[in-house]
Amino acid sequence: MLPQILIISISSVSILIIYMIKKKYKKTLNQFTEDGKFYHQLISVDMKNFNCKPHLFEDNLCNKWCSLSYKKTLQKFISSANLSICLCVYMLTLQSLNYELLMAHKRGVIIRVITDKGMIQTKPVKAHLKKLKENGIPYKMQLSQQSMMHHKFCLIDKENKELAKMFFGSLNLTSQGLHSNFDNIILTNNLNIIERFSEEFEELWNLF
Ligand SMILES: [Zn+2]
């Protein structure tokens, strides 16, 4: 009887140890996946996307790197906002993203947009900004001739550590940016990065 109890005890302890090691390993892995508490995703626009222009308009996904999938990811990201959106981007002409901003605004999400004077020089951009303003979404722009407001980042729900997330990189929010340029952005919920970009946003919002 005694050896049986001993075997059962040793087996139980072994299973427990394996479970704890697996749990710890899984936690470490989750820091680098979309499934856990920590999140990051890279959107890279490159030669794989150079034939994707029609896919954006035909709703036709050519593969998992298709520009259409990137556009949908960005739409989903913006539409997930509960509290606030702070968008700081040199160029914004993607109609679908403008639509998501307007929808979020209607849901009561506080939206602020910062851009550059360069945007206002083209008709479509002018029309987009006009629409935002007409709907009560405030925007500010860098007017200085000395420098450009060349950032491309967007903070979502930055006030709440559990919900906060953002994207940043080189991609302008235009359809050309999604299929014709070499560009990238990273989507993440890393709080250190979010805090740094939040400071930058508030500084620019007060400055312009
Ligand atoms: Zn495609």
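First listed ligand is number 1; within each ligand, the first listed atom is number 1. Numbers for residues simply follow the sequence, beginning at 1.
The pair Glu202-Arg112 meets the salt-bridge criterion, with a side-chain N (NZ, NE, NH1 or NH2) lying under 4.0 Å from an Asp/Glu carboxylate O.
Angle SG(Cys66) to the Zn ion (ligand 1) to SG(Cys62), rounded to 10°: 110°.
Judged purely by distance below 3.5 Å, without hydrogens or angles, the side chains of Ser44 and Asp46 pair a donor atom with an acceptor atom.
Sorting the N, O or S atoms of His55 by how far they are from the Zn ion (ligand 1) puts ND1 first.
Among the atoms of His179, no N, O or S atom is found under 2.8 Å from the Zn ion (ligand 1).
A donor-acceptor pair is defined here as one N or O able to donate and one able to accept, closer than 3.5 Å; no such pair exists between the side chain of Asn135 and the backbone of Ile137. A donor-acceptor contact shorter than 3.5 Å is absent between the side chain of Asp116 and the backbone of Met148.
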